[in-house]
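Written below as structure tokens is the structure these notes are about.
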Amino acid sequence: MAAPDWNPETYSRFRGLRLRPALDLLAQVQELPEGAVVDLGCGSGAVGGALAARFPDRDLIGVDNSPAMLTEAEETGHYGTLAAVDAADWEPEEPVALIFSNAALHWLDDHEALMPRLAGFLAPGGTLAVQMPRQIFAPSHRFLREFAADMFPDRFDFADWRPPVAAPVDYHRMLAPVGRVSVWETDYVQKLEAVESGHPVRRFTESTAMRPFLAKLADWEAQAFIRRYEEALASAYPVEDDGAVLFPFRRVFFTLTV
């Protein structure tokens, strides 16, 4: 069963926390050749304003496969072109100066083929700049796999599971033959404010990491799954005196200039 379309309102609830890594990545993008700037996996257009401000005289192209997200992105007014296509299938009509992807490519497989393929769409001197969550081994994400496999083994089997995002050194080895590469990893200690109901970390993951799990569950199954998940989160991420939760979140970054 395919996951339902993204919910821009739910995703944007933590807009500031999700935008900061994009700005950190953008700060590492150096001089570019002539050509368009591509926001690959643009979502609701959260990064569009920063890209448009940094590169005001370039065509800004947003690419996403979510109709709901593209509607939100269009309303920002930052994009000259919006393309409704999966990032795995997207190809530009001509070489571009920058492919910028914030928190999108971890949803795609086979990075060994994907990243060099994207680099091949760049003009000489162009840059591929990527940020991806690497939170998959943290309790917030590990619990999802463990509980789903335990409670619903008919639908979830992780025997052949591979992490969607590799270690930083793997990306350096993968991309160094293609061009000049810089790779780094950052742990962001995010303060999630208290919520009216549920654990703050569950409210954070429900719009992203939880989506493919909930898509395969009936309502009553989802409720049981969420109850168990929240009980475990309460132990892994205890509530502070003010009701907030400190939530370390790991992300991997790289820039590749060809």
Side-chain angles (χ1 to χ4, degrees), residues 1-18 20-21 41 43 66 102-109 111 131-168 170 185-253:
M1 182 186 301
D5 195 8
W6 289 78
N7 184 321
E9 181 179 355
T10 303
Y11 185 83
S12 297
R13 186 178 296 132
F14 301 97
R15 186 182 187 94
L17 296 177
R18 302 189 198 279
R20 180 183 170 187
S66 166
N102 180 62
L105 299 185
H106 59 295
W107 295 105
L108 302 182
D109 298 325
H111 286 185
Q131 182 273 124
M132 297 176 289
R134 191 167 177 260
Q135 185 74 357
I136 202 69
F137 297 110
S140 58
H141 290 52
R142 176 170 52 83
F143 288 158
L144 293 171
R145 299 190 303 275
E146 292 178 352
F147 297 164
D150 180 58
M151 298 172 69
F152 312 105
D154 59 318
R155 276 156 285 177
F156 299 98
D157 180 6
F158 296 99
D160 298 323
W161 177 81
R162 293 182 58 194
V165 178
D170 294 328
E185 190 173 64
T186 300
D187 282 354
Y188 292 85
V189 179
Q190 303 179 154
K191 183 177 182 180
L192 306 184
E193 300 297 340
V195 293
E196 292 184 3
S197 63
H199 192 279
V201 172
R202 193 267 294 178
R203 300 302 300 275
F204 186 92
T205 62
E206 68 183 355
S207 64
T208 53
M210 287 189 71
R211 291 177 64 252
F213 293 90
L214 297 181
K216 295 184 178 182
L217 302 179
D219 288 344
W220 68 271
E221 293 174 320
Q223 291 173 10
F225 181 66
I226 290 172
R227 280 196 300 271
R228 184 175 178 184
Y229 181 51
E230 290 205 332
E231 289 173 0
L233 291 175
S235 177
Y237 304 101
V239 176
E240 302 293 310
D241 292 341
D242 61 355
V245 166
L246 298 180
F247 180 39
F249 200 98
R250 179 166 297 179
R251 299 177 182 272
V252 63
F253 304 73

Rounded at 0.5 Å granularity, tell me how far [atom1] in [X] sits from [atom2] in [Y].
X: Arg251; Y: Asp187; atom1: CZ; atom2: CG; result: 11.0 Å
X: Asp109; Y: Arg162; atom1: CG; atom2: CZ; result: 9.0 Å
X: Glu230; Y: His199; atom1: CD; atom2: NE2; result: 8.0 Å
X: Asp150; Y: Phe143; atom1: CG; atom2: CZ; result: 13.0 Å
X: Leu108; Y: Met132; atom1: CG; atom2: CE; result: 10.0 Å
X: Leu214; Y: Leu144; atom1: CG; atom2: CG; result: 8.5 Å

Work out which heavy atom in [X] is nearest to a heavy atom in [Y]; give both atom names and the distance.
X: Pro168; Y: Val252; answer: CG-CG2, 3.9 Å
X: Pro133; Y: Ala103; answer: CD-CA, 4.0 Å
X: Pro212; Y: Ala209; answer: CD-O, 3.5 Å
X: Tyr188; Y: Arg20; answer: CE2-NE, 3.5 Å
X: Pro164; Y: Ile136; answer: CD-CG1, 4.0 Å
X: Tyr237; Y: Ala138; answer: OH-CB, 4.0 Å

Could you tell me whether the side chain of [X] and the main chain of [Y] form a donor-acceptor pair under 3.5 Å?
X: Arg155; Y: Lys216; answer: yes
X: Arg202; Y: Met210; answer: no
X: Gln135; Y: Arg250; answer: yes
X: Tyr229; Y: Phe147; answer: no
X: His111; Y: Leu105; answer: yes

Any side-chain heavy atom of [X] sitting closer than 4.5 Å to one from [Y]?
X: Trp161; Y: Pro163; value: yes
X: Phe137; Y: Arg142; value: no
X: Ser140; Y: Phe247; value: yes

Checking side chain to side chain donor-acceptor pair (under 3.5 Å) against Arg134, which of His106, Glu185, His141 comes through?
Glu185

Lys191 vs Asp242, test: side chain to side chain contact (heavy atoms under 4.5 Å, CB included). Steps then yes/no.
CA-CA 11 Å; Lys191 183 177 182 180; Asp242 61 355; 2.9 Å; yes

Do other residues, nucleotides or ligands put more than 12 heavy atoms under 6.0 Å from the CG atom of Asp219?
no

N-O pairing of Glu231 and Arg228 below 4.0 Å
no

Ring centres under 6.0 angstrom apart (Phe152, Phe213):
no

The criterion is salt bridge (charged side-chain N to carboxylate O under 4.0 Å, His left out); which residues satisfy it with Asp154, sequence neighbours excluded?
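Applying salt bridge (charged side-chain N to carboxylate O under 4.0 Å, His left out) to Asp154 gives none.
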
Relative to each other, are the rings of Phe156 and Phe158 parallel, tilted or perpendicular (30° and 60° limits)?
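Answer is parallel, since the angle falls under 30°.
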
